[in-house]
Amino acid sequence: MATALNGNKVLSKLRKSYLLALGILILLSLAKEVITARLFDNIAINSQLINITGKQRMLSQRLVKELLLYQYSTDETTRQAHLDSLKVTYIKFKRGHNAIHFGDEAMGIPSTVKSDSIEFLISELQKPYELIDIYCAELLEAKPSAITPELINKVVSSVNKAEENYLVLSTKTTKAFAEEAVIKVNNLKTTELILFLITILIIGIEAVFIFLPLERAASNFLADNSKTQDELSLKNKELLITIKELKSANSRLLQSEIDLQETLDFTLQLKEAVKEREHQLEEAQAASKIGDFIYNVDLKEFKWSRNAGLIFGELSNKPFTNRQFYEMLSPEEWEKIELGVGKSIQSGNLETVEFSIYGSDGKYRWMKCFLKPIINNEGICVSIIGTIQDISSEFEIRTELNRAKEEAEAAAVAKSQFLSTMSHEIRTPMNAVLGFTQLLKLQNNQPELSENLNILEYSASHLLSLINDILDFSKIESGKLSFEYTEFTPNILLANILKMFQLSAEEKNIQLSLNSEVNTDKFILGDTVRLTQILTNLLGNAIKFTEKGSVVLSCKIEEETATHLTLNFSVADTGIGIPPHLTAQIFYSFTQAKAETTRKYGGTGLGLSICKRLVELQGGTIGVESIEGKGSVFYFQLQFEKGNTIIPFDLISATKPTIEQPLKPFEGKSILLVEDNAINQLVAKQFLNRWNVSYQIAVNGLEAVSMVQENAFDLILMDLQMPVMDGYTATSEIRKLGNRFATIPIIALTASVGVDLREAIKNKGLTDALSKPFIAEDLYRIIAKYLNK
């Protein structure tokens, strides 16, 4: 026990001696660091003072520059800008001076620290600074008119003086600071040497008087020291505790081994499940002709699945390589893939690419590839995962569909061209038939021929209506029918349409009437041509299938808002009616209620089908209510936008057409008729002669262009299809002549009714158009429209 106590005393003394020596060394080191830091702080402050004095020189030079620019500027805006810059520079100059003189913590110069060697230099700046402060304050506070050259010269002089002082201060300060720095560095070296010698001395004293005696005492203690029974017992207890802890740790280790084995077993099961799942996925991909891949963006390499190789025609079991893939691609197809990969990386979205390959089995294949970028935490695309699918069958089907579509479109174009050509070929002789029929009726003085002429005119008109129905049906089926919206008054349009059937109704002794609820003084926007076509067809059918009784054309307001008007049109007759089971199919193409209807009344069965499509294309609905043997009511609804025009009632009354409008002559007017068909020339000449019109005839467009330049015509009637030069080209050449030729009315006389005819007439410089065959009233009306302006 005594030995242990002695050992403890020795260790206690050793600790105290060690702590004492360590404390002394720490104090000496701290003293050294404090002295060094203070020296460098002084050097830093001195450097900042030098820096500020240099800046003060630059600011003083800038003050002089802004003053001179202000003095010699003539533009007021520029002068104000230099004055504002002078104010900012002056504020910086003032702050720098105060920092040198009084200190500024923000600028790195403490107010409590000053260098004694430059104190006298700083005082030399005070007087020129006070002058600068006074003059600058006076200049900045003065009105522009009060800033005189004398004031500016005072400021410049004071600033120049300050600049000289700052130059002297900067030079002297730099020299003084350098001398101070040398002295302080030498003092620091001396101080460090003294502290080092003191440290060596203290360490020697401690070694002689403390560590050596302690070393001898420790050696004696270790030589005489032996373990006592108490110490052995204590060690045994500690050993027993350690053994118990080892047994407990061993038990835990055994349990961990059991848990690890279970984890390994579960991992193996999971691997088997994943393997089975991968096998199922591979089978599904093989059945669907789908493979997958990973594209490494950095290496620019694909890693393909086995199914991908099978899709590409690779029959071996070896992994499919990038080299094999590249060999299957043409440069154009590889460019498609590179473009898709680039888009996927740039957008970060799923991209699709279709390309073709020449497989290793010698077959061409079309592939569809889906690319999905993988983005890391930095937002960079590191790889792309995707699938590849063989779409060769789909591509072949698509190709066949496109080919069939092109063939169908070509057939539609051929059909349209055929109908247009046939229309032109039929309408040209029809123009002569109708024209000469009207001339014969006007010249006929024999009552026994009147009925025959009427039958001839009716037959020709009926044949023309059949042609028009077939052409309209063709336009609708091709989807190229267009609508042109203009302002019109419903009541005037309905009255004009009714007048067209007045004679037919009187011949059959049928009462024809109009019942309208629409105001007579407002306009609406709509396609009057198509609306007239619908109502004309319905009224024509009503009169055709009615032997006695009445036909009533009605127009009612279904709904009205601030901007739109919905109208309900109906045509009611007391005719033969329609059987109930046939009303649903009456609007089908080429359909009549009964087979004998066509034989008895004629017609193609297209009229109602065309009406239905025209109504639906304008967003309306059409229907019929009928009782067999008692009559029918055909009705439809259309929505119109309200117009802005309002006309007085007396003008409406004056514009209502009469049944027989007299044809007024056009004396003093000159017309050029451009027509290559001799019969059509003869028809037009007969009408023009009756109206006392002066005219000349050109047989082609080239001749028309020449005659227009040699004669002053008031109007040109232009056929469109002619040899040498057609009507479109002739119109364009006439318009190029300029002056009056740019505005002369040019009316197209055409037997063509192609889908794009109306648009072509607008774009080619024609003023208006009249379709062949035409009747005398139509020709008169369009001539009067432009000659009576």
Side-chain angles (χ1 to χ4, degrees), residues 270-271 273-409 479:
L270 186 60
K271 285 183 177 180
V274 171
K275 187 176 181 181
E276 179 64 23
R277 190 66 176 172
E278 287 177 348
H279 178 70
Q280 293 175 359
L281 177 60
E282 190 173 295
E283 292 294 327
Q285 287 184 347
S288 304
K289 295 185 178 180
I290 298 176
D292 59 85
F293 63 88
I294 297 177
Y295 178 75
N296 190 305
V297 174
D298 293 331
L299 300 178
K300 295 184 178 181
E301 290 183 354
F302 291 91
K303 184 178 181 181
W304 302 95
S305 68
R306 180 175 177 274
N307 279 336
L310 295 176
I311 291 172
F312 293 142
E314 180 59 42
L315 303 179
S316 67
N317 292 324
K318 296 180 180 180
F320 189 72
T321 64
N322 284 282
R323 181 177 179 181
Q324 290 173 289
F325 177 62
Y326 296 146
E327 289 175 351
M328 295 178 178
L329 292 169
S330 67
E332 294 78 11
E333 301 304 310
W334 175 240
E335 186 177 350
K336 292 180 184 178
I337 297 174
E338 284 187 320
L339 182 61
V341 169
K343 286 183 178 179
S344 180
I345 295 173
Q346 185 176 6
S347 66
N349 299 324
L350 181 69
E351 295 289 339
T352 305
V353 181
E354 290 187 3
F355 60 93
S356 64
I357 64 167
Y358 184 73
S360 57
D361 57 357
K363 295 180 180 179
Y364 274 104
R365 289 179 172 83
W366 275 93
M367 300 292 165
K368 189 172 186 178
C369 181
F370 293 93
L371 306 168
K372 177 64 178 176
I374 304 301
I375 310 299
N376 62 14
N377 295 331
E378 287 77 25
I380 300 172
C381 178
V382 294
S383 62
I384 294 176
I385 60 173
T387 60
I388 190 82
Q389 182 178 11
D390 187 346
I391 60 167
S392 300
S393 300
E394 176 188 338
F395 183 79
E396 291 175 2
I397 294 172
R398 193 192 309 168
T399 303
E400 288 298 324
L401 288 175
N402 289 335
R403 185 182 298 113
K405 179 184 176 184
E406 291 173 358
E407 291 175 356
E409 290 176 348

Mind checking whether [X] and [Y] have side chains closer than 4.5 Å, heavy atoms only?
X	Y	answer
Val297	Val382	no
Leu329	Ile357	yes
Phe302	Ile337	yes
Val341	Leu371	yes

Is it the case that over 12 heavy atoms from other parts of the model lie below 6.0 angstrom from the NZ atom of Lys336?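 Result for NZ/Lys336: enclosed.
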Heavy atoms of other groups near Gln346 CD, more than 12 under 6.0 Å: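 Atom CD in Gln346 is not crowded, with 12 or fewer foreign heavy atoms closer than 6.0 Å.
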At their closest point, which heavy atom of [X] faces which heavy atom of [Y], and how far apart are they?
X	Y	answer
Arg365	Ser392	CA-OG, 3.4 Å
Gly348	Lys372	O-NZ, 4.3 Å
Phe293	Ile388	CE2-N, 4.4 Å

Kindly write out the residues that satisfy side-chain hydrogen bond (donor to acceptor under 3.5 Å, both in side chains) with [X], not counting sequence neighbours, or none if the list is empty.
X	answer
Glu335	none
Glu301	none
Glu394	Arg398

Could you go step by step and tell me if Ile391 and Met367 meet the side-chain contact (heavy atoms from CB on, under 4.5 Å) rule? CA-CA 5 Å; Ile391 60 167; Met367 300 292 165; 5.8 Å; no
Applying ring-ring contact (aromatic ring centres under 6.0 Å, His included) as the test, list every pair that has at least one member in residues 379-409; sequence neighbours left out.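 For residues 379-409: Trp366-Phe395.
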Salt bridge (charged side-chain N to carboxylate O under 4.0 Å, His left out): which pairs involve residues 379-388, sequence neighbours left out?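 As it turns out, there is no salt bridge (charged side-chain N to carboxylate O under 4.0 Å, His left out) pair with a partner in residues 379-388 once direct neighbours are skipped.
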Got a sec, which residues hit ring-ring contact (aromatic ring centres under 6.0 Å, His included) with Phe355, two or more places apart in sequence or on another chain?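 Phe355 satisfies ring-ring contact (aromatic ring centres under 6.0 Å, His included) with no residue once adjacent residues are dropped.
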Pro373 pairs by side-chain contact (heavy atoms from CB on, under 4.5 Å) with which of Cys381, Ser347, Ser383?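 So the option named by the test is Cys381.
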Single hit among Asn296, Ile374, Ile345 for side-chain contact (heavy atoms from CB on, under 4.5 Å) with Ile384: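 Exactly one pass, corresponding to Ile345.
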